[in-house]
Amino acid sequence: MDQLNDIEKAALDALASVVTEEALQAWKTAQLGRSSPLMQVFAGLGKLSKEERPAVGSAANRVKVAIEAALAARETEIKAAALAKSLEEDALDVTLPGRTVNVGRLHPSTQQLRRVLDILKEMGFQVYTSREVETDEMNFQMLNFPLHHPARDMQDSFYVESEGRGDNPILMRTHTSPGQIRAMREYAATNPQNPPPIRIALPGMCFRYEQITSRSEMQFNQVEGLAVGEGITFADLKGTLSDFARRMFGQNARTRFRADHFPFTEPSAEMDVECFVCGGKGCSVCKRSGWLEILGCGMVHPVVLQNGGYDPKRYSGFAWGMGPERQLMLRYKIDDIRYFWGNDVRFLEQF
Ligand code: DAH
C-alpha cells in the first residue's frame with residue numbers, strides 16, 4: 001500500500017513539469033505503460049494472498065483512476081495553451097490601415113483637351129482629327145506662309161523626310177491649322193459647286209524644334225476651331241469665343257481682343273481673358289496686367305478659303321488656335337511646362 005502511495009505521488013510530481021504534448025505522451029508511457037510501476041503492481045496481484053488481494057487491487061485501481069484523471073486534465077490544459085499561443089501568433093490586426101490601391105487616371109492634358117472639346121461640342125462644333133505628320137505644303141504653303149517667308153521662323157520644324165521632295169518636305173505639324181485645309185477640301189469635295197458650311201474643332205499634338213525651357217516644349221496640344229459659311233463676320237468670332245471663355249472660365253469671365261498677325265487670317269487678333277487668379281486686379285500669373293492671353297484667332301484669309309475649295313467671294317469664316325497645356329498652367333499656376341511630358345507621377349497624380 002505504501003508503494004502505491006509512492007507511485008501516485010511520484011507520477012503527480014513528475015506531471016508538474018510536463019508542458020508539451022510530446023512530454024505528456026512520454027509521461028503517460030512511463031506511468032501507465034505495460035512496464036510502469038503501477039502496471040507491475042497489477043501484474044503482481046496474483047502473487048498476493050486471497051485476503052490481501054481485494055484491498056491492494058482496489059487501491060491500485062484508485063491510483064490508476066487518479067493518474068488517468070490527472071492525465072486528462074493536463075491534456076486539456078496543454079491543448080488550450082497551444083490554441084491560445086497559435087491564435088496570438090497568427091493574429092490579424094484588423095485595425096491596421098489597408099494597402100492603398102492606385103487608381104489610374106487620364107493625363108491632365110487629356111483631361112483639359114476633353115473639357116475644351118465638351119464645351120465646343122455643346123456649342124455645335126464637330127470634332128475633326130487630322131494627321132500629325134504633314135507636308136510643308138499643308139503645314140505652311142496652303143496657309144499662306146510662302147516659301148522662305150520669315151513668318152516660318154516662329155515655327156521651326158522637325159523634318160521627317162526631305163530627300164527628293166524639293167520644296168515640299170515631310171514634317172511633324174507645327175500647329176493644328178493644316179487640318180483646316182484638309183477639312184475644307186473634304187467638305188468641299190462632297191459638293192464642289194455648293195460646298196456645305198463647316199463648324200469643327202481640331203484637337204491634337206503639335207511639334208516644334210524648340211529649345212526646351214520652362215516656357216516652351218517641343219510638343220504640346222492645340223485645339224483649332226474653324227467656322228466657314230455664308231455671311232460669317234468678325235462679330236460671330238467675338239461672340240463665339242467670348243461665349244467659350246465664359247463656359248470655360250466662368251460666367252463672369254470678361255474677354256478682350258488685341259490686333260495681331262497670322263499669315264492665314266485677316267484681320268487677326270489675340271484674345272485675352274480677365275485673369276481668373278486675381279479677378280483682374282493684377283498678380284504674378286497675369287504679370288500685373290489683369291489679363292491672360294488664351295488664343296490666336298482671325299477671319300480666315302481669302303487665299304486659305306480658296307486653297308480649301310471655298311470661293312472667298314461667297315464664303316467667309318473665322319478660326320482660332322489655343323493650347324490646353326497653357327490653360328492648365330494658368331489655371332493651376334504651374335510654372336514649368338516641362339512637367340507635362342516629364343512623366344513624373346508626383347506631378348501627374350495631382351490631377
Ligand atoms: N496656328 C497658330 C499657332 O500655332 C494659332 C492660330 C492663330 C490658329 C490664329 C488659328 C488662328 O486658327 O486663326 O501659333
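Both counts, for ligands and for their atoms, begin at 1 and track the order of listing. Atom set for the values below is all heavy atoms of this structure, side chains included, hydrogens, waters and symmetry mates excluded.
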Any side-chain heavy atom of Ile200 within less than 4.5 Å of one from Val127?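 A side-chain contact is absent here, since even the closest heavy-atom pair is not under 4.5 Å.
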Any non-hydrogen side-chain atom of Glu134 less than 4.5 Å from a side-chain atom of Ile170?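 With C-beta onward as the side chain, the pair stays apart.
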What atoms in ligand 1 come closer than 4.0 Å to a heavy atom of [X]?
| X | result |
| --- | --- |
| Gly298 | 13 (O) |
| Thr265 | 13 (O) |
| Gln155 | 3 (C), 4 (O), 14 (O) |
| Ala319 | 12 (O), 13 (O) |
| Gln180 | 12 (O) |
| Phe262 | 7 (C), 9 (C) |
| Arg208 | 3 (C), 4 (O), 14 (O) |
| Ser177 | 1 (N), 8 (C) |

Is the shortest side-chain N to carboxylate O distance from [X] to [Y] below 4.0 Å?
| X | Y | answer |
| --- | --- | --- |
| Glu89 | Lys85 | yes |
| Glu274 | Arg254 | yes |
| Arg152 | Asp136 | yes |

What about Glu224: any of its N or O atoms under 3.5 Å from an N or O on ligand 1?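 The answer is yes, given that Glu224 and ligand 1 share an N or O pair closer than 3.5 Å.
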N/O to N/O below 3.5 Å, does that happen between Gly225 and ligand 1?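 It does not: no N or O of Gly225 is found under 3.5 Å from an N or O of ligand 1.
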Regarding [X] and [Y], is there a side-chain donor-to-acceptor distance under 3.5 Å anywhere?
| X | Y | value |
| --- | --- | --- |
| Gln112 | Arg115 | yes |
| Ser157 | Asn139 | no |
| Ser242 | Thr255 | yes |
| Ser177 | Glu224 | yes |

Please state which option from Gly321, Cys297, Ala269 has its nearest heavy atom closest to atom 5 (C) of ligand 1.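 It is Gly321 that holds the nearest heavy atom.
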Return yes when [X] approaches ligand 1 closer than 4.0 angstrom through a heavy atom, no otherwise.
| X | value |
| --- | --- |
| Phe264 | yes |
| Gln222 | yes |
| Glu266 | no |
| Met154 | no |

Are Phe262 and Ser268 close enough, and set up right, to give a side chain to side chain contact (heavy atoms under 4.5 Å, CB included), and what steps lead you there? CA-CA 6 Å; Phe262 300 102; Ser268 306; 3.7 Å; yes
